[in-house]
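Residue numbers start from 1 in every chain, and the chains themselves are labelled A, B, ... in the order their sequence lines are given, proteins ahead of strands.
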2 protein chains.
Amino acid sequence: MLELAILGFLYDTPLHGYELRKRIAALTGHVKPVAESTLYPAIKRLEKAGLLARATEPGAVAAPRHVLTLTDAGRRELRHRLTEPDPRDISDENRWFTVLAFLRHLDDAAAQSVVLRRRLAFLEEPASFFYDGDRPLRAEELDDPFRRGILTIARATSRAELTWLRETIASLGG
Amino acid sequence: MLELAILGFLYDTPLHGYELRKRIAALTGHVKPVAESTLYPAIKRLEKAGLLARATEPGAVAAPRHVLTLTDAGRRELRHRLTEPDPRDISDENRWFTVLAFLRHLDDAAAQSVVLRRRLAFLEEPASFFYDGDRPLRAEELDDPFRRGILTIARATSRAELTWLRETIASLGG
DNA sequence: TATTAATACATCGGTATCGAGGTATAGGGT
DNA sequence: ACCCTATACCTCGATACCGATGTATTAATA
């Protein structure tokens, strides 16, 4: 998720680490903060893997900046991660939103559509958080108001997303 | 999140690891699967910390079962984790849902209400995934259909949850 | 008869993440 | 004179997690 966000932001324009940090904080930080001590090693990982290159510039006010640029391999890697996301990128909303945030970087509408359809298929599976044997329970069948809340909220999300997915898939010219 | 789920399930009744695994898979597995190699070490951690005790029983069909029972310290620990959740338990939906799934274990309606209010306060903060400087952007202001989707879905979730939270807080007799 | 699935647990190496702390510089407040 | 905040990067130890793999037994299936 973090690596995807780094690649995604750098796909548009080179950035130094500190700026990257602020953009990632804006994107996902209010839900799932990323520590500095996670970001810098992640950058090093991607650099070591040849996905990005580092150029040192004098800092605007403080220490020298390390301006990060995606290599060709890095650009390919982002497109690959967006084209064939990990199953967790589809099922987990945090990760799915990161995919969505950068899906525009796929220039092929058909490829974008395939990704949206995977999410659609996931949401169309009958799944719950609570079961009676194998049968998924509905909110109305639960006594616990908090568990009922989970199902109520999840259902509202699911409905909104299904509508949006179907509209967007259609508009991509499926 | 995993530890909370383990403590939460065992609060009701002793279970062996394999059964625990199935219950956790039902609760959060469709969104965020938990590997076996994560669960068993987590159980050991909690055992080592004195939060649960293990009793060996002959297995129904296969290897002997390790039936896990919460200790008094374990019961206190669950109540503590529910009473004062980590900020991430409030902001991250995956973790928040786990808190909600077991919030009934707090016998004090006032304490439950405090937790719901923390989530309410979080959702009421003006936050977006995308900004123009400091100003959160609305879905309508975005060209990218996928980023617009993120905001559309997030807004629908937020609306549904705010409604539910306010109703539930009121019904708890706030 | 062979194989697969389900039950039931466990270890091991590799990696991702976090919190705490460290090293600088510059500007503004008190 | 002092401290705080923001900029800008980094290290280190601890831990949590994952995938791969291992060990055993029973029941169903091909």
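Between B/Asp12 and B/Arg104 there is a salt bridge, with a side-chain nitrogen of the basic residue lying less than 4.0 Å from a carboxylate oxygen of the acidic one. At a threshold of 4.0 Å, the pair A/Arg119-A/Glu124 does not count as salt-bridged, since none of the basic side-chain nitrogens sits closer than that to a carboxylate oxygen. At a threshold of 4.0 Å, the pair A/Arg95-A/Glu3 does not count as salt-bridged, since none of the basic side-chain nitrogens sits closer than that to a carboxylate oxygen.
For DNA chain D, the contact window with chain B, defined by any atom under 4.0 Å from a protein heavy atom, covers D/dA16 to D/dT26 in 5' to 3' order.
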**Request:** Treat primed atoms plus P, OP1 and OP2 as sugar-phosphate and everything else as base, then score nucleotides 10-20 of chain C 5' to 3': B for base contact with protein heavy atoms under 4.0 Å, S for sugar-phosphate contact only, - for none.
**Result:** BB----SSBBB

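Computed from coordinates, the A/Tyr18 OH to C/dT25 P distance equals 17 Å when rounded to whole Å.
At a threshold of 4.5 Å between side-chain heavy atoms, the hydrophobic network of Ile, Leu, Val, Met, Phe, Trp and Tyr places B/Phe146 and A/Val114 in two separate groups. No path of Ile, Leu, Val, Met, Phe, Trp and Tyr side chains, each step under 4.5 Å between heavy atoms, connects B/Val99 with B/Met1, placing them in separate hydrophobic clusters.
Counting only N and O atoms by type, the side chains of B/Tyr11 and B/Arg79 include a donor and acceptor under 3.5 Å apart. Looking at B/Thr163 and B/Arg159, their side chains never bring a donor and an acceptor atom within 3.5 Å of each other.
For the pair A/Arg147 and B/Phe102, the cation sits on the ring face: its NZ or CZ lies under 6.0 Å from the ring centre, inside 45° of the axis.
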